[in-house]
There are 2 protein chains.
Amino acid sequence: MAADDGKKKISESTIQRLSLYYRVLSILEKENIKTISSKELAKHEKLTPAQVRKDLSFFGSFGTRGLGYPVTELKNRIATILGLDREWKVAMVGVGNIGSALVGYKEFQRHGFSINMIFDNDQRKIGSNHKGILVSDIANLKEGLRENNIDIVIIAVPATVAQYIVDDIVEAGVSGILNFAPINLKVPENVILRNENMSMELEHISFSLVNRESITATKE
Amino acid sequence: MAADDGKKKISESTIQRLSLYYRVLSILEKENIKTISSKELAKHEKLTPAQVRKDLSFFGSFGTRGLGYPVTELKNRIATILGLDREWKVAMVGVGNIGSALVGYKEFQRHGFSINMIFDNDQRKIGSNHKGILVSDIANLKEGLRENNIDIVIIAVPATVAQYIVDDIVEAGVSGILNFAPINLKVPENVILRNENMSMELEHISFSLVNRESITATKE
DNA sequence: CGGACTATGTGAATTCATTCACAAGTTACT
DNA sequence: AGTAACTTGTGAATGAATTCACATAGTCCG
Ligand SMILES: NC(=O)c1ccc[n+]([C@@H]2O[C@H](COP(=O)([O-])OP(=O)(O)OC[C@H]3O[C@@H](n4cnc5c(N)ncnc54)[C@H](O)[C@@H]3O)[C@@H](O)[C@H]2O)c1
Ligand SMILES: NC(=O)c1ccc[n+]([C@@H]2O[C@H](COP(=O)([O-])OP(=O)(O)OC[C@H]3O[C@@H](n4cnc5c(N)ncnc54)[C@H](O)[C@@H]3O)[C@@H](O)[C@H]2O)c1
């Protein structure tokens, strides 16, 4: 009854898809749609109905045969699974181009991620306000993270200093890190580290274009 | 000799890993390291040596037994595979928080992605300069893309308008799109569309944190 | 120059993820 | 109540990606 705290291992891709389902369900809820079938849900994200059902089945059975899934309930259920039913305290390190874009990003707030600390080493920025948040000196990183019980840190500093920053973050006891610097960071295995690598996506596109061309080339 | 234009299908993840290899090799090259083994290369990105060799083997054999891979040559070889040996013309649509952060991102330039057009619909922005690029009126999107032979468009507008923009982009004949709006866009299947979804990564972290807790709980 | 050592490249084995296919539950309509 | 139409939930089958394991080929040093 209480979340099927099963031991089965959930695949990376299932987790990613749960995020997608959550996004779609939020929209459907706003449109006042009450139920949705796996078929419809799949169509929204270009997946197969079987995949949707399989993904959900890892966590229990939320649907009604013959009818589909109750939108709001399923959305809330996924929120619980993903941990979006609580507030996560997030700190941003480095408030340059990308850091400041992210600080004000509404979507994070909406999903329960509340950025309420910012660190930088630039004297001109320290003490100033970014979207209502005071920029702290990077020298106070460890105490700051500890005192404010920060759960997750976003790294938006140059790649050259990212590892030093991460070491401090880990020492401060934070165990969730989202890294935007294009470098592979080393963390103890009890720390969750994810990387956001935008070049990678662009390179995926160029790869696909080049490969597609060899097909189109014969055509034009 | 000329690229083993083989017919075998390359997996998504292999392509992603090629980006990682490229990144590591660039660094090694700068450090003046001449050769590297699959074992070392794997260590840099927390992969297995077998995986590295398998990935590379899809495209030919670049290594020397007993020695490893020649850094510069392999880097260039991967650049060719990924299409980084040419200049890609990129346009940005929407120059708000995230759009303007990306416009100046050096890493893109370095990998051959040159953002040289910007479109927006905000009268205050149109005509102004962003990092040396003139902001064009979104009304001129289609002609602009065509006239400048844009290869790839980055979408950084609100989710609500993203689909309309994409339709125009597709009509203009662009076939590579990188989308930052949190919505699933529909494109014809000859168009390469990739999505950058930052909430997804954060949600992956929160999922992992929640799940890790239930393990650590029994353990400590 | 020869032998010990190192590391690649790749089929085969294995592990992991997706899709199939259908029994079983629910609705909706007559 | 009976039945036709849906749709879930899930083992079994298929398909894909990773890892294993080793023959093969080169290095490097004395
Ligand atoms: N700009 C982008 O669009 C973009 C996109 C993806 C990834 N990234 C990556 O994100 C990181 C930041 O990029 P950016 O463009 O915002 O750079 P930026 O130079 O605009 O910002 C970096 C910020 O980090 C601060 N900083 C530098 N060293 C620091 C230290 N030791 N401690 C604390 N703060 C420090 C700087 O003062 C600055 O505010 C880089 O690693 C970059 O590769 C940037
Ligand atoms: N801010 C972030 O950190 C962040 C992160 C990830 C994804 N995103 C997504 O990127 C998109 C942009 O986010 P943002 O924070 O930069 O928003 P923003 O409001 O700062 O910028 C949006 C820009 O798009 C322009 N715009 C609006 N409608 C347009 C139209 N019809 N044609 C052309 N231009 C138009 C606006 O004038 C503005 O300059 C959103 O979809 C958002 O969800 C933002």
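Here the structure is a predicted model, which is why all the values come from computation and not from measurement. Letters A, B, ... are given to chains in the order of the sequence lines, protein chains preceding strands, and every chain is numbered from 1.
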K.L.:
Considering residues at least two apart in sequence or located in another chain, which fulfil the side chain to side chain contact (heavy atoms under 4.5 Å, CB included) criterion with B/R194?
P.N.:
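With sequence neighbours excluded, B/R194 shows a side chain to side chain contact (heavy atoms under 4.5 Å, CB included) to A/E201, A/H204, A/I205, B/E12, B/Q16, B/L178, given in chain and number order.
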K.L.:
Can you tell me the distance, in whole Å, between the NZ atom of A/K34 and the C1' atom of C/dT27?
P.N.:
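Distance check: A/K34 NZ to C/dT27 C1' gives 19 Å.
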K.L.:
Kindly state which residues belonging to residues 36-46 of chain B come within less than 4.0 angstrom of DNA chain C, counting heavy atoms of the residue only, listed by number.
P.N.:
B/S37, B/S38
K.L.:
For A/Y69, what residues pass the ring-ring contact (aromatic ring centres under 6.0 Å, His included) criterion, not counting sequence neighbours?
P.N.:
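Once residues adjacent in sequence are excluded, A/Y69 has no partner under the ring-ring contact (aromatic ring centres under 6.0 Å, His included) criterion.
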K.L.:
Reading nucleotides 24-30 of chain D from the 5' end, what letters show protein touch, with B for base, S for backbone sugar-phosphate only, - for no heavy atom under 4.0 Å?
P.N.:
BBS-S--
K.L.:
Residues in ring-ring contact (aromatic ring centres under 6.0 Å, His included) with B/Y105, at least two apart?
P.N.:
B/F108
K.L.:
OP1, OP2 of C/dT26 versus side-chain N and O of A/Y69: anything below 4.0 Å?
P.N.:
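So the side-chain polar atoms of A/Y69 never come under 4.0 Å of the phosphate oxygens OP1 or OP2 of C/dT26.
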K.L.:
Under the rule for ring-ring contact (aromatic ring centres under 6.0 Å, His included), what residues qualify as partners of B/Y22, not counting sequence neighbours?
P.N.:
B/H111
K.L.:
In this structure, how many angstroms lie between the P atom of D/dT8 and the OH atom of A/Y21, rounded?
P.N.:
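Going from A/Y21 (OH) to D/dT8 (P), I get 12 Å.
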K.L.:
Strictly under 3.5 Å: I want the nitrogen or oxygen pairs between protein and nucleotides 2-5 of chain C, one per line.
P.N.:
none

K.L.:
Provide a list of protein-nucleic acid N or O atom pairs under 3.5 angstrom, restricted to nucleotides 16-18 of chain D.
P.N.:
{"unit_1": "D/dT18", "atom_1": "OP1", "unit_2": "B/R17", "atom_2": "NH1", "d": "3.1"}
{"unit_1": "D/dT18", "atom_1": "OP2", "unit_2": "B/R17", "atom_2": "NH2", "d": "2.8"}
{"unit_1": "D/dT18", "atom_1": "OP2", "unit_2": "B/Q51", "atom_2": "NE2", "d": "3.2"}
{"unit_1": "D/dT18", "atom_1": "O5'", "unit_2": "B/Q51", "atom_2": "NE2", "d": "3.4"}

K.L.:
Would you indicate whether B/K186, at its atom NZ, is surrounded by more than 12 heavy atoms from other residues, nucleotides or ligands within a distance under 6.0 Å?
P.N.:
yes
K.L.:
Considering residues at least two apart in sequence or located in another chain, which fulfil the side chain to side chain contact (heavy atoms under 4.5 Å, CB included) criterion with B/E73?
P.N.:
B/P70
K.L.:
Quick one: do B/K142 and B/E171 make a salt bridge, cutoff under 4.0 Å?
P.N.:
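Salt bridge between B/K142 and B/E171, a charged N being under 4.0 Å from a carboxylate O: yes.
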K.L.:
Under 4.0 Å between a side-chain N or O of A/R53 and OP1 or OP2 of D/dT8?
P.N.:
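Yes, within the criterion.
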K.L.:
Among all residues two or more places apart in sequence or in another chain, which pass the side-chain hydrogen bond (donor to acceptor under 3.5 Å, both in side chains) test with B/K43?
P.N.:
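So B/K43 forms no side-chain hydrogen bond (donor to acceptor under 3.5 Å, both in side chains) with any residue.
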K.L.:
What residues, two or more places apart in sequence or in another chain, satisfy side chain to side chain contact (heavy atoms under 4.5 Å, CB included) together with B/D85?
P.N.:
B/T80
K.L.:
Taking the inter-plane angle between the rings of A/F113 and A/W88 on a 0 to 90° scale, is it parallel (under 30°), tilted (30 to 60°) or perpendicular (over 60°)?
P.N.:
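Correct class here is parallel.
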K.L.:
Take atom OH in B/Y164; do more than 12 heavy atoms of anything else shown fall under 6.0 Å from it?
P.N.:
no
K.L.:
Please identify each residue that fulfils side-chain hydrogen bond (donor to acceptor under 3.5 Å, both in side chains) with A/Q163, with sequence neighbours left out.
P.N.:
A/D167
K.L.:
Less than 4.0 Å between a side-chain N and a carboxylate O, is that true for B/D151 and B/K89?
P.N.:
no
